[in-house]
Amino acid sequence: QVLLEESGGGLVQPGGSLRLSCTYSKSIFSIYDMNWHRQAPGKQRELVASITTAGTTTYAESVKGRFTISKDNTKNTLYLQMNSLKVEDTAMYSCSAVVRKVEHEHPYETWGRGTQVTVSS
């Protein structure tokens, strides 16, 4: 079962905006810290943004001031608002979260399969 699923990727021009969503399964017993990552072909995966259960956010320096991570627990959704997009933001964007699928299970990190963001003129 896929517990996280990203959407909202696509083609956007430099300077444009895009909002990514990551919906998580209602079958998850508990969900904790959540993250957005990105990876371009042949490059290392980069942690873009994180949000803790308390709502504390962190960002990679390359996106700080341009991207905003947020979540809406009532909608079981994590968001990444991306503004002032640059060509170098082009990557596959994936979400991850630390979860418990079942009560008393050890928390573990699970991943979505990603959504492609391409910034090009």
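Keep in mind that this is a model prediction, so the values were computed, not measured.
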Taking the side chain as every heavy atom from C-beta outward, state whether Q116 and T118 have any atom pair closer than 4.5 Å.
-> yes
Heavy-atom side-chain contact between S27 and K101 under 4.5 Å | yes
With a cut-off of under 6.0 Å to the ring centre and 45° to the axis, is R45 in cation-pi contact with W111?
-> yes
Tell me the closest heavy-atom pair linking [X] and [Y], and the distance in Å.
X: S121; Y: P14; result: N-CD, 3.7 Å
X: D89; Y: Y93; result: O-OH, 2.6 Å
X: G114; Y: M92; result: C-SD, 3.6 Å
X: Y32; Y: T53; result: CA-CG2, 3.3 Å
X: S17; Y: S84; result: OG-N, 4.3 Å
X: R113; Y: E6; result: N-OE1, 3.1 Å

Expected output: side-chain [X] to main-chain [Y] donor-acceptor under 3.5 Å:
X: S62; Y: A60; result: no
X: W36; Y: L78; result: no
X: Y59; Y: S50; result: no
X: T90; Y: V119; result: yes
X: T115; Y: G9; result: yes
X: R100; Y: S30; result: no
X: Q13; Y: S120; result: no
X: K71; Y: T52; result: yes

Point-to-point distance, once rounded to the nearest 0.5 Å, from [atom1] of [X] to [atom2] of [Y]:
X: N76; Y: S21; atom1: CG; atom2: OG; result: 12.5 Å
X: D33; Y: T58; atom1: CG; atom2: OG1; result: 9.0 Å
X: L4; Y: I31; atom1: CG; atom2: CD1; result: 5.5 Å
X: I28; Y: T110; atom1: CD1; atom2: OG1; result: 7.0 Å

Please identify each residue that fulfils salt bridge (charged side-chain N to carboxylate O under 4.0 Å, His left out) with E61, with sequence neighbours left out.
-> K64
Residues in salt bridge (charged side-chain N to carboxylate O under 4.0 Å, His left out) contact with E46, at least two apart in sequence or another chain | R38
Could you state whether [X] and [Y] fall into the same hydrophobic cluster, counting links through intermediate Ile, Leu, Val, Met, Phe, Trp or Tyr residues with side-chain heavy atoms under 4.5 angstrom apart?
X: Y24; Y: L3; value: yes
X: V12; Y: L80; value: yes
X: F67; Y: L18; value: yes
X: V63; Y: L20; value: yes
X: M34; Y: V99; value: yes

Would you say the side-chain atoms of S96 and N35 include a donor-acceptor pair closer than 3.5 Å?
-> yes
side-chain contact (heavy atoms from CB on, under 4.5 Å) between R19 and Y79: does it pass, once the steps are laid out?
-> CA-CA 7 Å; R19 187 175 75 161; Y79 301 100; 3.7 Å; yes
Can you tell me if CD on E5 sees more than 12 non-hydrogen neighbours from other groups inside 6.0 Å?
-> no
Here the disulfide bond (SG atoms under 2.5 Å apart) pairs for residues 13-89, sequence neighbours left out, are C22-C95
